[in-house]
Amino acid sequence: MDNESRITRKLGALFTLCCFAICGCVTANESNTHATLNFSPTTSLAPPPDSSLASSSDSPPAPPSLVKSTASPFDLVAQQFEDFVKWRRECSYKPKLCNIGKFTILGTQFSDDFATMMRDYAKNNIYARPGDGERKVMVETISRDETKMTAIVHGCVYDTVVLFMDAGIYDDKVASSISSWTMQWHHGDWFWTNYQIHKKVYFANLCNA
């Protein structure tokens with residue numbers, strides 16, 4: 001009886017061991033299966049697109065090169081002549097404060113002559129006053145010499161400016177003239193280098209003729 005019990009227990013233990021072994025195999029197979037299923041079927045194995053192609057297609061085209069256009073000095077004559085006329089008017093208001101070098105080339109004969117005239121006006125207190133007449137300059141044509149880099153402004157002047165000396169009137173004659181101004185290109189600006197009066201009359205307006 002004891003022998004039969006021992007045999008029965010051994011057979012039971014052997015049966016249990018076999019069950020554990022079989023279950024272990026099944027568990028291992030299930031683990032491998034789950035590992036395979038965890039690999040996402042939507043993941044692509046294709047190589048990533050060429051980054052250089054992507055960047056070239058996505059980046060905006062390079063802007064065209066900007067072409068710098070340089071204006072001719074002769075395009076500036078009309079505007080600078082207008083500034084010159086304003087400067088000349090201001091010099092007649094305050095001869096002592098006239099900046100000779102703004103529109104004349106210092107050291108030239110023309111500049112020296114104009115400076116002498118302004119000094120004489122300042123010394124004798126000869127001046128004009130805003131509102132007491134005006135000097136109208138009407139430009140007709142502008143000729144150019146690209147070889148010498150000079151421009152000649154042709155125009156007409158109608159002058160009703162009253163000149164005072166101290167508290168009295170020095171000159172109040174009305175005059176008009178056909179005139180020309182020579183401008184020289186110098187260090188990036190136009191400077192006044194000559195002035196000619198071709199015809200002048202008093203108490204008449206040549207500019208309306």
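Model, not experiment: these values are computed from the prediction. Residue numbers run from 1 in the order of the sequence given. Only heavy atoms go into these numbers, but all of them, side chains included; no hydrogens, no water, no symmetry mates.
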When you look at OH of Tyr170, are more than 12 heavy atoms from neighbouring residues, nucleotides or ligands closer to it than 6.0 Å?
->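 Count not over threshold, so no.
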Could you tell me whether Phe203 atom CZ has more than 12 heavy atoms of other residues or ligands within 6.0 Å of it?
-> yes
Are side-chain heavy atoms of [X] and [Y] found at a separation under 4.5 Å?
X: Ser111; Y: Ile105; result: no
X: His154; Y: Ser143; result: yes
X: Val174; Y: Tyr158; result: yes
X: Ser177; Y: Lys199; result: no

Is there a path of hydrophobic side-chain contacts, each under 4.5 Å between heavy atoms of I, L, V, M, F, W or Y residues, that connects [X] with [Y]?
X: Val162; Y: Met165; answer: no
X: Tyr127; Y: Trp87; answer: no
X: Phe114; Y: Leu163; answer: yes
X: Phe81; Y: Ile152; answer: no
X: Ile178; Y: Met183; answer: no

Looking only at heavy atoms, which two atoms of [X] and [Y] are closest? And how far apart?
X: Gln184; Y: Lys148; result: NE2-O, 3.1 Å
X: Lys173; Y: Tyr202; result: CE-CE2, 3.7 Å
X: Pro95; Y: Ala122; result: CB-N, 3.9 Å
X: Gly101; Y: Phe191; result: O-CE2, 3.7 Å
X: Asn194; Y: Phe110; result: CA-CE1, 3.6 Å

How long is the gap from [atom1] on [X] to [atom2] on [Y], to the nearest 0.5 Å?
X: Ile100; Y: Cys91; atom1: CD1; atom2: SG; result: 6.0 Å
X: Arg135; Y: Ser176; atom1: CZ; atom2: OG; result: 11.5 Å
X: Met138; Y: Asn208; atom1: CE; atom2: CG; result: 7.5 Å
X: Lys123; Y: Asp120; atom1: NZ; atom2: CG; result: 7.0 Å
X: Thr108; Y: Leu106; atom1: OG1; atom2: CG; result: 7.5 Å
X: Thr104; Y: Asn99; atom1: OG1; atom2: CG; result: 8.5 Å

Ring pair (Phe, Tyr, Trp, His ring centres under 6.0 Å) between Tyr195 and Trp181, worked out = CA-CA 5 Å; Tyr195 176 60; Trp181 299 260; 5.5 Å; yes
Answer with yes or no whether the side chains of Ser92 and Arg89 bring together a donor and an acceptor at under 3.5 Å.
->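 Side chains of Arg89 and Ser92: no pair found under 3.5 Å.
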No-hydrogen, no-angle side-chain donor-acceptor test under 3.5 Å, His198 and Ser180 |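 Yes.
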Carefully, step by step, assess Lys136 and Glu134 under the rule salt bridge (charged side-chain N to carboxylate O under 4.0 Å, His left out).
-> CA-CA 6 Å; Lys136 294 182 179 179; Glu134 59 182 335; 3.7 Å; yes
Relative to Phe164, does Arg129 satisfy both conditions: NZ or CZ under 6.0 angstrom from the six-membered ring centre, and within 45 degrees of the ring's axis?
-> yes
Let me see the working for Glu140 and Cys156 under side-chain contact (heavy atoms from CB on, under 4.5 Å), right down to the final yes or no.
-> CA-CA 8 Å; Glu140 296 174 350; Cys156 186; 4.0 Å; yes
Got a donor-acceptor contact below 3.5 angstrom from the [X] side chain to the [Y] backbone?
X: Glu90; Y: Cys98; answer: no
X: Asp75; Y: Val77; answer: no
X: Asp159; Y: Val161; answer: yes
X: Asn205; Y: Cys207; answer: yes

Ring centres of Trp192 and Phe103 under 6.0 Å apart?
-> no
Please work out which of the three classes, parallel, tilted or perpendicular, describes the rings of Trp190 and Phe74, given edges at 30° and 60°.
->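 Taking Trp190 first and then Phe74, their aromatic rings sit tilted (interplane angle of 30° to 60°).
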